[in-house]
Amino acid sequence: MKENIKYWIWLSSLPGLGARKFAELKARFGSPEEVWKVVHSYAPELCGIHPELYEALISDRHKQKVDIYMNKAKRLNIGVITVEEEGYPDNLSKIFDPPQVLYTRGNIIKEDKNAVAIVGSRRASHYGLKMAESLAYELACRGIAIVSGMARGIDAAAHRGALKAGGRTIAVLGCGVDIVYPREHRELMMQIISTGAVVSEFAPEAPPLQLNFPARNRIISGLSLGVIVVEAAEKSGSLITADFALEQGREVFAVPGNINNHNSIGTNKLIKQGACLVTCVEDVIEEIGLQYLIPGEGKCSENIHSGFNFSKEADISDEERKVLKLITFEPLHIDRISKISGLSIGSINFVLTMLELKGLVRQLPGRMFVTA
Amino acid sequence: MVYIVNKVVLGVAFMISKILSCGLSGLDGYMVTVETDISPGIPSFDIVGLGGTAVKESKERVRSAIRNSGFEYPVRRITINLAPASIRKEGSAYDLPIALGVLVAAGQVAIDEIQNYAFVGELSLNGDIKPIKGALSMALFLNNSHVKNLVLPVENAPEAAVVQGVNVYAASHISEVIGHLNGLNAIEPVTIDMDTIFNISRTYDVDFKDVKGQLNVKRALEVAAAGGHNCFMVGSPGSGKTMLAKRLPTILPGLSFEESLQVTKIHSISGLMPPNTPLITARPFRAPHHTISNSSLAGGGSMPRPGELSLAHLGVLFLDELPEFDTNALEVLRQPLEEGYVNISRVNACLSYPCAAMLICAANPCKCGYLGDSSRQCTCTPYSVQQYLGRLSGPLLDRIDIQVEVASVGFKELESGSDDESSPVIRERVVKARKKQLERYKGSSIFTNSQLTHSQLHKYCTLDIKERELLANAFERLGLSARAHNKILKVARTIADLDESEKIAVKHLAEAVQYRSLDRKYAV
């Protein structure tokens with residue numbers, strides 16, 4: 001790490017000092033190192049900052065904290081890239097208020113500039129999760145990096161889709177990169193670090209405060225060429241990401257949903273407002289202009305044109321086939337299956353177990369069944 | 001010696017009278033002798049023999065009843081002993097025999113036949129005879145004794161009359177009793193037509209047909225009824241869990257006469273006999289609220305009484321909102337559920353109430369109640385969802401073989417519902433399956449598949465290779481836990497019985513696997 005990185009870390013880790021203020025101070029004094037050296041001799045008004053912020057700036061206690069961060073960064077192998085360096089992501093450097101410092105675990109490579117963000121609701125429906133995973137999978141197969149927020153629901157499904165394809169994925173966090181939030185994504189995060197990157201503009205140990213997330217969303221869209229919103233309720237945070245995308249001149253895509261499904265109210269609205277409607281991965285690729293990318297080898301090649309994974313024509317009985325035909329992505333209750341198929345409820349239970357064991361259907365809480 | 005009523009005869013020697021009555025110990029009656037001694041001395045009225053508060057207050061009622069019925073209350077020193085004197089006597093049923101004892105000792109009532117009668121009844125201040133508890137138990141006891149005549153309140157007569165070997169005389173006022181004993185106005189013994197009570201009382205006023213749709217849950221309840229399996233229903237508020245549970249007794253086999261007697265005894269000593277009902281022939285349904293205390297649930301209290309569990313004996317005990325029940329209360333249930341008996345120890349005695357009931361528990365799927373609901377969004381965090389049902393007592397859940405999810409109202413609109421089966425139709429299948437089990441387990445100590453022990457499972461539920469493979473596959477793929485294994489076997493055995501099949505086939509196992517909703521892991 002470069003020597004003066006310490007000053008960048010110091011300035012960026014001040015609570016209450018965002019990217020824009022950082023840039024202002026940098027412009028006013030020349031560099032973070034200069035700010036460190038002379039700020040205490042200027043009055044707060046002259047620096048253009050709040051008295052409270054000023055206090056924090058000149059406080060020794062904060063200066064000591066920076067050493068802790070530096071040590072932690074060394075220990076956990078956290079990379080620190082400033083906006084002025086070579087390795088800073090190209091797409092991100094062009095937005096209005098890029099993060100002055102980016103903390104990373106894993107690696108960001110040049111090819112990551114061909115990235116698409118996939119975001120959506122944390123309480124997604126089974127359909128939404130499937131779509132997020134499939135889209136991510138297929139895009140990753142074509143060499144496109146998938147950016148998302150590692151939140152529950154759509155974000156996690158997108159990351160998993162990319163990992164399954166053996167492709168690259170970048171997770172942008174609303175907390176320090178040494179913190180696993182949410183807790184159950186520990187494994188996921190480790191996998192992302194080993195094959196892609198986990199990044200954040202927040203210093204190590206920064207907790208996942210609610211107010212961090214809108215800020216982090218601008219980074220998600222900032223890193224990408226386009227943002228796909230898979231499923232969003234009326235007030236979903238992913239709609240904020242879509243707003244940023246518009247501001248930053250990125251393409252906005254939305255996957256349509258059942259109009260009765262409150263999980264799709266936000267996405268359907270986006271489409272009404274002009275977002276690009278996505279029904280297959282080609283919609284995204286053509287709009288962004290990445291058709292020239294050659295599909296990678298390995299895992300993806302067989303599936304590249306087949307799209308979703310339909311039932312293998314394995315040995316299934318007539319009854320099983322009859323029932324399988326009724327099951328779609330929309331959850332269907334077992335009583336309905338019995339009524340429509342005409343089979344007795346006892347037989348239906350038996351048939352569904354067999355289909356579950358063969359991996360052809362999946363059961364959700366409430367005795368609902370969907371395709372696997 | 002005949003004494004004329006209403007006339008005080010001076011100079012007649014007062015004596016000790018002995019009037020027979022009945023007490024209750026647990027579910028059974030026993031003989032109590034009410035001895036009355038009237039002697040000269042400062043007027044007083046003392047009752048001895050370990051009587052409780054109601055017995056002690058008896059003297060007020062007896063005094064007023066005697067006066068207000070036109071008899072002379074002897075202003076003498078009266079001593080009443082309730083023998084055997086070392087057993088606690090509770091309740092107001094001794095009012096009538098005490099009053100009679102006083103009248104006989106005072107010479108106002110004829111005594112010839114009196115030792116062939118037992119008397120029970122509470123007295124009101126004007127001499128009316130009010131109902132008591134446990135009449136059936138008393139009649140059954142008398143049937144085995146040398147006393148074959150029972151005088152009791154009118155309301156309690158029907159249940160006592162069920163016992164054929166005892167003459168049951170119903171009286172509404174003490175003067176009627178005296179008239180009968182005097183020979184002036186005999187009371188006719190009450191008779192019961194046994195055939196009619198079994199036919200009429202057996203019809204329930206609810207039916208499975210009342211519930212539209214809900215095929216999956218109805219099937220689960222049918223399987224539960226057929227094998228006597230305990231059941232856990234998970235569903236959002238308003239999904240119909242209570243409505244369905246209430247109807248479970250209607251598809252259970254009818255009660256035999258012996259069983260009816262047991263159920264009636266328990267209700268009778270709890271004072272819960274419906275009016276004009278000689279015998280309870282319908283299986284009980286008890287649904288205690290979750291704020292219930294331990295002793296009310298399992299039985300006990302300072303004056304030992306049967307709890308909800310015993311009141312549900314041979315019927316259904318429904319615990320709605322299971323997570324809201326006090327964990328202690330549920331703990332107390334475990335052993336009785338296993339043994340079929342509740343043992344209550346007191347200093348002087350150890351009482352035992354039977355409690356072979358089917359347990360149906362119900363709960364919401366999560367704290368807000370709407371996980372998996374199609375019409376409303378669940379607002380719980382994933383952590384709290386895990387917590388909510390996760391903290392239910394493992395050992396209690398272990399007693400439950402069938403777990404079923406109940407879908408909420410939304411679907412009902414979609415069902416045309418005209419082809420819903422009625423309870424008698426379902427009951428027929430259940431009865432057939434039960435018969436098979438009785439045959440199979442003849443000579444062993446169990447009656448239903450749900451009672452199979454671990455070792456018996458090996459004997460009665462052998463699986464062929466294909467079936468064993470299916471089970472192994474299911475465990476792996478569906479994330480079932482080990483404790484589900486035996487339950488699935490038992491339930492599969494019942495499903496096979498319903499299917500009239502001797503062997504357990506793949507389809508029976510595959511269906512049984514679906515009744516383990518709580519055990520499986522829903523992949524994200």
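Lettering of chains follows the sequences in order, A, B, ..., and the numbering in each one begins at 1.
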(request) Hey, could you give me the CG/CD distance between B:Leu478 and A:Gln363, rounded to the nearest 0.5 Å? (result) 8.0 Å
(message) Please determine whether the number of non-hydrogen atoms from other residues, nucleotides or ligands lying under 6.0 Å from atom CD1 of A:Ile259 exceeds 12.
(response) no
(request) Please report the shortest heavy-atom distance between B:Arg477 and A:Gly359, naming the atom on each side. (result) NH2-CA, 3.6 Å
(request) Would you name the heavy atoms of B:Leu215 and A:Ser338 that are closest together and state the gap between them? (result) CD1-OG, 3.8 Å
(request) Return the option, out of A:Gly346, A:Ser347, A:Gly153, with the maximum number of heavy-atom pairs under 4.5 Å with chain B. (result) A:Gly346
(message) So which atom in A:Phe369 and which in B:Gln514 form the shortest heavy-atom distance, rounded to 0.1 Å?
(response) CZ-OE1, 4.4 Å
(request) Against chain B, label A:Arg122 side chain, backbone, both or neither, depending on which of its atoms sit under 4.5 Å from a heavy atom there. (result) neither
(message) Which one wins on heavy-atom pair count under 4.5 Å against chain B: A:Met354, A:His262, A:Glu184?
(response) A:His262
(message) For B:Lys507, is the NZ atom crowded, meaning more than 12 foreign heavy atoms sit under 6.0 Å from it?
(response) no
(request) Go through the atoms of B:Leu470 and report whether side chain, backbone, both or neither lie under 4.5 Å from a heavy atom of chain A. (result) both
(message) Tell me whether the count of non-hydrogen atoms from other residues, nucleotides or ligands lying under 6.0 Å of NZ in A:Lys269 goes above 12.
(response) no
(request) Please check if atom CZ in A:Arg186 has more than 12 non-hydrogen atoms from other residues, nucleotides or ligands closer than 6.0 Å. (result) no
(request) Answer with side chain, backbone, both or neither: which region of A:His126 has an atom nearer than 4.5 Å to a non-hydrogen atom of chain B? (result) neither
(request) Side chain from CB out, backbone as N, CA, C, O: work out which of these in A:Ile334 comes under 4.5 Å of a heavy atom of chain B, or both, or neither. (result) side chain
(request) Verify, without hydrogens or angle tests, whether A:Arg367 (side chain) and B:Glu405 (backbone) share a donor-acceptor contact under 3.5 angstrom. (result) no
(request) For a side chain to side chain contact (heavy atoms under 4.5 Å, CB included) with A:Ile345, tell me which candidate from B:Arg219, B:Lys218, B:Glu511, B:Gln214 qualifies. (result) B:Arg219
(message) With a 4.5 angstrom heavy-atom cut-off, is it the side chain or the backbone of A:Ile348 that approaches chain B, or both, or neither?
(response) neither
(request) Would you name the heavy atoms of B:Cys380 and A:Arg123 that are closest together and state the gap between them? (result) O-NH1, 3.7 Å
(message) For B:Glu321, is the CD atom crowded, meaning more than 12 foreign heavy atoms sit under 6.0 Å from it?
(response) yes
(message) Between A:Phe350 and B:Val506, is there a side-chain heavy-atom distance shorter than 4.5 Å?
(response) yes
(request) Test A:Leu357 against B:Val513 for side-chain contact (heavy atoms from CB on, under 4.5 Å), laying out the working first. (result) CA-CA 11 Å; A:Leu357 292 179; B:Val513 158; over 6 Å; no
